[in-house]
Amino acid sequence: MKIATWNVNSVRTRLQQVTDWLQQHSVDVLCLQETKVVDADFPVAAFEQIGYHAYIYGQKSYNGVALLSREPLDSVSYGFAAVVEAEQVGDLDEQKRVITGVAQGIQIVNLYVPNGSSVGSEKYAYKLQWLSLLKQYLAQLLAENSALLVCGDFNIALEDRDIYDPANKQTHIMSSAAERQALQQVLKIGLKDAFRKFTEAEGHYSWWDYRAAAFRRNLGWRIDHHYLSELLYEQAKSCVIDTAPRRLEKPSDHAPVIVEIG
DNA sequence: ATGGCCTGTTACACAGGA
């Protein structure tokens with residue numbers, strides 16, 4: 001079973017690229033982030049025409065996540081509040097960043113973690129608070145299903161080898177100590193990085209800034225991840241970043257990451 | 001040293017991204 005994650009930076013702008021990619025790769029489930037569209041305007045038909053069911057959770061202009069699946073998914077739910085007590089969630093579901101569903105028994109969680117803007121900002125505090133709630137949310141899901149896959153755009157590079165230049169990591173968003181610690185706390189419930197099961201080397205990234213010819217120079221960050229529960233980690237067969245779509249005209253700034261289970 | 005680009009909005013610059 002193949003599951004992919006891809007921050008497409010607007011599903012409408014990237015529609016042709018995403019449908020082309022699906023037809024070339026025929027993954028079982030594709031998790032999209034930054035769809036940037038309200039549900040009524042999501043291009044559902046374009047995906048149904050190529051054999052995918054679409055489960056969408058969007059908002060106007062910003063954020064937005066979706067699950068595209070060859071087979072219908074079971075138990076699809078939207079936001080933290082489907083799992084965690086409402087008083088714990090507070091306003092953290094206002095931005096549409098969390099969707100989950102079950103495919104062939106695997107609980108697939110698709111996340112768009114807040115960017116955080118800059119270290120010490122209000123958005124940064126929001127990001128850390130959001131990650132704290134995420135831990136509760138995932139712990140509860142894992143207690144109900146030991147086959148848990150958590151993927152998406154985490155906006156965090158966990159290790160220095162995940163960054164082209166870690167020189168300013170402490171002050172840079174996506175690599176500060178507090179962000180890394182917050183994500184480590186989440187992973188402590190029993191999740192492991194699928195990519196690092198197969199690849200130890202540095203220089204593998206999933207996001208490159210549009211500016212300064214960053215992709216051509218491979219000045220990137222690995223911030224899009226597949227985290228697997230122990231059960232699935234043992235079954236993982238491969239995990240690769242597909243840089244081909246990043247080379248196209250008008251690409252997303254992120255590349256898709258594909259994991260194969262069982 | 002800085003910022004460089006891209007998307008969506010009811011826009012004709014801005015916020016937000018990372």
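What you see is a predicted model; the values in this text were computed from it and never measured. Excluded from the calculations below are hydrogen atoms, water molecules and symmetry mates; all remaining heavy atoms, backbone and side chain alike, are included.
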message: Can you confirm whether the side chains of A:Asn7 and A:Trp207 place a donor and an acceptor under 3.5 Å from each other?
response: no

Rounded distance in Å between the P positions of B:dG16 and B:dT10: 14 Å

- prompt: Under 4.0 angstrom, heavy atoms only, what part of the nucleic acid is A:Tyr205 near: base, sugar-phosphate, or nothing?
  reply: nothing

message: For A:Glu94, give me all partners under salt bridge (charged side-chain N to carboxylate O under 4.0 Å, His left out), at least two apart in sequence or on another chain.
response: none

- request: Remember a base hit wins even if backbone is also touched, and classify A:Asn7 as base, sugar-phosphate or nothing at under 4.0 Å, heavy atoms.
  value: sugar-phosphate

field: A:Asp153 CG to B:dG16 P, straight-line distance once rounded to whole Å
entry: 17 Å

message: Donor-acceptor check, side chain of A:Asn110 to backbone of A:Gln33, threshold 3.5 angstrom: yes or no?
response: no

Rounded P spacing from B:dT2 to B:dC12 in Å: 30 Å

query: Expressed as a whole number of Å, how far does the C1' atom of B:dC6 sit from that of B:dA11?
result: 15 Å

task: To the nearest Å, give me how far apart OH (A:Tyr112) and P (B:dG16) are.
output: 12 Å

- prompt: Within less than 4.0 Å of OP1 or OP2 of B:dA18, is there a side-chain N or O belonging to A:His254?
  reply: yes

query: What is the nucleic acid contact for A:Asp224, judged by heavy atoms within less than 4.0 Å: base, sugar-phosphate only, or nothing?
result: nothing

- prompt: A:Glu122 CD to B:dG17 P: how many Å, rounded?
  reply: 13 Å

message: Quick one about A:Thr100 and A:Tyr137 (side-chain donor to acceptor, distance below 3.5 Å, no hydrogens or angles considered), yes or no?
response: no

A:Trp208 and A:Tyr164 aromatic centres sub-6.0 Å: no

field: Letter per nucleotide, 5' to 3', of nucleotides 4-14 of chain B [B base touched, S only sugar-phosphate touched, - untouched; heavy atoms, 4.0 Å]
entry: BBSSSSS----

- request: Please name all residues satisfying side-chain contact (heavy atoms from CB on, under 4.5 Å) with A:Gln235, sequence neighbours left out, ordered by chain then number.
  value: A:Leu231, A:Leu232, A:Ile261

query: Roughly how many Å is it from CG in A:Asn115 to P in B:dG16, rounded to a whole number?
result: 11 Å

A:Lys123 NZ to B:dG16 C1', straight-line distance once rounded to whole Å: 7 Å

query: Rounded to whole angstrom units, what separation is found between the NZ atom of A:Lys127 and the P atom of B:dA18?
result: 9 Å

query: Looking only at atom P, what distance separates B:dA1 and B:dA13, rounded to whole Å?
result: 33 Å

query: Testing A:Met1, A:Glu260, A:Lys197 for side chain to side chain contact (heavy atoms under 4.5 Å, CB included) with A:Lys237, which one passes?
result: A:Glu260

- line: Rounded to whole Å, CH2 of A:Trp221 lies from P of B:dG17 at a distance of 16 Å

query: C1' atom, B:dG8 versus B:dG3: distance in rounded Å?
result: 22 Å

- prompt: Roughly how many Å is it from CZ in A:Phe215 to C1' in B:dA18, rounded to a whole number?
  reply: 17 Å

